[in-house]
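Notes follow once the structure below has been shown.
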Amino acid sequence: MNRYLKGLNPEQRQAVTYPLDKPLKVLAGAGTGKTRVLTTRYIHILAQGGNWAPENILALTFTNKAAAEMKERIVDSCRRMRIATGPLFLQESWIGTFHSCCHRFLREHALGAGLDPEFTVYDEARSWLLYRRVVDEFLSAKGAVPEGFVLTDLNFYVKDVYFLINRLKDSLIYPDDYQQMVREENNKYYDRWGELLMGLGDMELHPATRKVLMERGEEAREQSAWEGDLIQVTNFLFSAYQEALAAARALDFADLIYYTYRLLRDNVALGEECRHRFAYILVDEFQDTNRAQFALLRLLARDEKMSNVTVVGDERQAIYGWRNARIENVREFAAREWGGEEIRLHTNYRSYQQILDLAQFSMEKSPHLLQDNSPLRAQRGVAPGPRISLALAQDRGEEGNIIAAAIGELLKQGMRAEDIVILLRSPRWAQPYEGALRLRGIPFQTVGGVGFYDREEIKDLLAYLRVITNPYDDLALVRALMAPPCFCSDADLAQICQLQKRREGIGGEEVHLYDILRGVLVEPEIPPAVRKKVEVFLALGEGLIELQDKMSLTDFLNQILQRTAYLNYVYANPPDEVRRRIGNIKKLFSLASQIDPGTAAEFIRYAEFFSENDLREGEEAAGYRDAVTIMSVHQAKGLEFPYVFLPNLTDTNFPVRAPYPNLDYSEDLGLIIKKDRLGRDMAKFAPHNYDKENYRDIYNHFGIISYKDRQREEQLQEERRLFYVALTRAQEGLYLTCPKPFPKRSRGPHFFREIWEGYEPAEKIVGQKVQGPAGDEDPLLDWKPGELQQYHEVLSKWLELGKRIFTASDKFLPK
DNA sequence: GTAAATCTCTTTTTT
DNA sequence: AGAGATTTAC
């Protein structure tokens, strides 16, 4: 047997050695060694002879980090196997994300793809700025506006159209196709309404129901006209955005996939050459690919049956739907139908059986239509003693204390801090848990989250700095105008910009926003309220500009804070938020003092460097090597930890309720708009009284479904999968906690409740915080020494006795 | 009685 | 902004 196959279990070995000329789909559950299978198959291809070089194997991953890891592991194995990889392996191998591989390919074939060889790739920030400019031009040039279209309507949709465009592009739908497709789909939808209205006559209905349905039909007809307008506008903006990209010789992320796709589709010879070059294709995290990526994969494959393609994925871990990933891609890769095989990996090397059982228990609570939801089997078997603990805390402060106490206990038992992770649904909730850990002197580090430089208060203050060093920095100027104390609204700015456009129209030259501001003061058409704001702003700015060179950077920042009364606005937030923001502002001062004596301009350059490179400056000073990690579940994907804490499992936090998009597109409904211009829900979004059975039956009979309903269901399922990902990170132990109070009218914590009430093997405790005297104290930090002792006692029971000291009852969970 | 309007509470993930 | 519960309108 080949050496690299040693140590693989039979199912892994089967996957690695499965014939290379047949399609293969590996359904690999969490912790089943999927990356190992993929890298070993890569080695297997090289070792099988055939004289294949690394440049003949295309290996696609989801992140650059995963690609780097894979490269490292392959190089390692090759060295051990004494397979010569050549000195240029890292440069020649095609191991990377879809985006990075397409980028490289397009550089090689820029001319053939009709691109400038010096094309640039726009990241999200740059593409958004370009799009914004396109929208502004559209707003000022009325020619493209449909008759009757109210321009102010568009402001509501600006962001949504941008997301819509990205969503379409991720499905390879570009302007030419978009308008036609969406119109057809829309017409089909309204045809169904027509049928419903026709069918009403033959139905036995309550007169009131009939009347309502007739009215809704009429409403739907009106709404279809509104949709028509928006289709026209979105299509115009879409084309204009693409043209602007072309003019800038730029591609955005989606374009990288699209241009590669188009090049291979249209250039037959090159397509052939490419299919020859990539003798084998491996794709990791297939459940996170989008439609465009799948389509490209079909083109890259040797034949329609994907004979030289191996994909690895797990539907249960699909958590990137919001980035247009299609979980359906896994099912649609029909390896068996195409003469290949589906291999399932069920042996989990990470966790004890109890943890896998819990994950399975939770997963089966949602009606997923998954190809493979069979349970995982723990290689490590069933652990002695309980492995899953639930705690229902009386409030968030107590929750933090329970977790901190439990972690302290683990550390006392000899665990290392780096073996422990706190996983959050949203990184913005890190603060309470950080506070609890800090209180006990437990070292921690918070990864990711919203980067320091992306924080509102930091961006505001930096904007002021930028405006003062360069008043002609329009972006900074706009940000500063919108910040305290002026709070210019979008509408205010629109009026100022109109003035700018008009000046440019007269002089024919570009006029800077800053120069316009003075004009605003004397312009009769500008409302007094706006004029006042600008007046305040200019006085403020001029005062600061004078001070600029007279003091140190930190003193100057202090002046900005004082003169804008910025802290007053900070203090208007809830206490948690105030503390966080103040902490950030303090940190800005300490960063500034580090480069002090230095100029504001230097500091800005420094800050830009960090934010442009997405180098995250954490909100908390980390620096511990051996520290408890706090991160989001998304960031934890692919990682594992001995002990996992999963706090804040409230009804609103996990699963989280996301707002519905104002605009969306789907193949069966066409363009979906949330509200019509009167503020009513669009029929397509949510048919009236859809939640009532008699209406729903009629709607469904005529094929009128509720986008809202479907969206909600899909959202919940993605949250369920995210929860599954969180649970399956744990190797040794899992601690789930949920703070009270529950909002009066909520149904209680959804996922937590299911386990609390339905999963017998878990330990369950209820916090017993004694109500302190009511006051204005901060509930997060204000604990009394006596209480800590009490937590400790509760916790000892939890950890040592290992028996259920409490069972669920209605007393603690609202019905 | 049902349907619509109002009130109340909470509030994301990132290559 | 969404989702229940509650109130108001018909």
Side-chain angles (χ1 to χ4, degrees), chain A residues 60-68 96-103 121 123-125 127 156 160 163 166 170 206-209 211-213 215-216 252-254 256-257 284-285 288-290 293 317-325 396 423-430 447-451 454 573-574 576-577 614 616 631-638 648 650-662 674-675 679-681 685-686 688-695 708-709 711-712 715-716 718-719 721-723 725-726 739 741-750 814-815:
Chain A
L60 298 165
T61 58
F62 183 60
T63 63
N64 287 316
K65 188 171 154 235
T97 62
F98 270 94
H99 290 115
S100 67
C101 289
C102 286
H103 187 175
V121 177
D123 61 13
E124 207 178 348
S127 90
F156 182 64
D160 303 284
F163 292 137
N166 275 315
D170 281 337
H206 191 283
T209 309
K211 181 160 168 276
V212 167
L213 283 172
E215 282 169 17
R216 295 317 168 215
D252 65 16
F253 286 145
L256 290 172
I257 313 288
D284 197 6
E285 306 281 16
D288 293 328
T289 54
N290 61 36
Q293 288 164 339
Q317 296 187 71
I319 55 173
Y320 283 97
W322 49 275
R323 253 180 47 193
N324 305 327
R396 194 178 298 286
L423 295 184
L424 304 171
R425 173 62 184 87
S426 154
R428 62 177 300 195
W429 282 103
V447 301
V450 176
D454 288 332
N573 289 291
D576 271 7
E577 190 66 13
D614 203 28
R616 296 260 162 100
M631 57 165 63
S632 75
V633 183
H634 281 89
Q635 288 165 334
K637 195 183 181 193
N648 208 11
T650 63
D651 192 31
T652 44
N653 274 294
F654 205 164
V656 79
R657 318 160 198 263
Y660 302 104
N662 291 319
K674 186 154 62 179
K675 305 257 186 212
R680 301 172 299 193
D681 276 0
F685 179 78
H688 280 78
N689 298 318
Y690 189 79
D691 49 343
K692 301 216 165 72
E693 214 175 311
N694 55 331
Y695 283 91
K708 184 185 182 183
D709 239 41
Q711 195 71 7
R712 180 173 25 195
Q715 169 76 23
L716 182 62
E718 181 147 313
E719 294 292 308
R721 299 191 294 263
L722 190 60
F723 189 58
V725 168
F742 307 130
K744 280 182 200 114
R745 291 172 188 106
S746 92
R747 285 168 302 175
H750 189 146
K815 63 167 180 17

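Residue numbering restarts at 1 for every chain, and letters A, B, ... go by the order of the sequence lines.
Positionally, the nearest nucleotide of DNA chain B for A:E215 lies more toward the 5' end than for the other of A:E215 and A:T97.
If you take CG of A:D709 and P of C:dA3, they are 10 Å apart, rounded to a whole angstrom. If you measure from atom CD of A:E719 to atom P of B:dT13, you get 11 Å, rounded to the nearest angstrom. If you measure from atom CG of A:N653 to atom C1' of B:dC9, you get 13 Å, rounded to the nearest angstrom. Rounded to whole Å, the distance from CD on A:E285 to C1' on B:dT14 is 14 Å. When the P atom of B:dT14 is taken as reference, atom CG of A:D170 falls 18 Å away, rounded to whole Å. Atom-to-atom, CZ of A:F685 to P of C:dG2 comes out at 6 Å; the value is rounded to the nearest Å. For the pair A:Q711 CD and C:dA3 P, the interatomic distance rounds to 11 Å; values are reported in whole Å. When the P atom of B:dT15 is taken as reference, atom OH of A:Y320 falls 7 Å away, rounded to whole Å.
A donor atom on one side chain and an acceptor atom on the other are not found under 3.5 Å apart for A:Q715 and A:Q711.
Comparing B:dT14, B:dT12, C:dA3 against the side chain of A:W322 picks out B:dT14 as the nearest. Comparing C:dG4, B:dT11, B:dT14 against the side chain of A:T652 picks out B:dT11 as the nearest. Here the side chain of A:K674 is nearest to one of B:dT15, C:dA1, C:dG4, namely C:dA1. The side chain of A:Y660 lies closest to C:dA3, out of B:dT11, C:dA3, B:dT14. Listed nucleotides B:dA4, B:dT12, C:dA3 differ in distance to A:R216; the shortest reach to its side chain belongs to B:dA4. If you check C:dA3, B:dT15, B:dT13 against the side chain of A:R323, the one that comes closest is B:dT15. The listed nucleotides are B:dT13, B:dT11, C:dA3; the one nearest the side chain of A:R396 is B:dT11.
Within the 4.0 Å cut-off from OP1 or OP2 of B:dT14, at least one side-chain nitrogen or oxygen of A:S632 is found. Taking 4.0 angstrom as the limit, A:Q635 places none of its side-chain polar atoms (N or O) nearer than this to OP1 or OP2 of B:dT13.
Atom CG of residue A:L423 and atom NE2 of residue A:H634 lie 12.0 Å apart, to the nearest 0.5 angstrom.
The only option from A:L256, A:L60, A:V121 that meets the side-chain contact (heavy atoms from CB on, under 4.5 Å) definition with A:C102 turns out to be A:L256.
Residues A:V633 and A:V725 share a closest heavy-atom pair of CG1-CG1, 4.1 Å.
A centroid separation of 6.0 Å or more is found between the aromatic rings of A:H750 and A:F654.
Residue-level contact check: A:K637 touches neither bases nor backbone, having no heavy atom under 4.0 Å from any strand. Among the heavy atoms of the strands lying under 4.0 Å from A:N689 are primed sugar atoms or P, OP1, OP2 only; no base atom is included.
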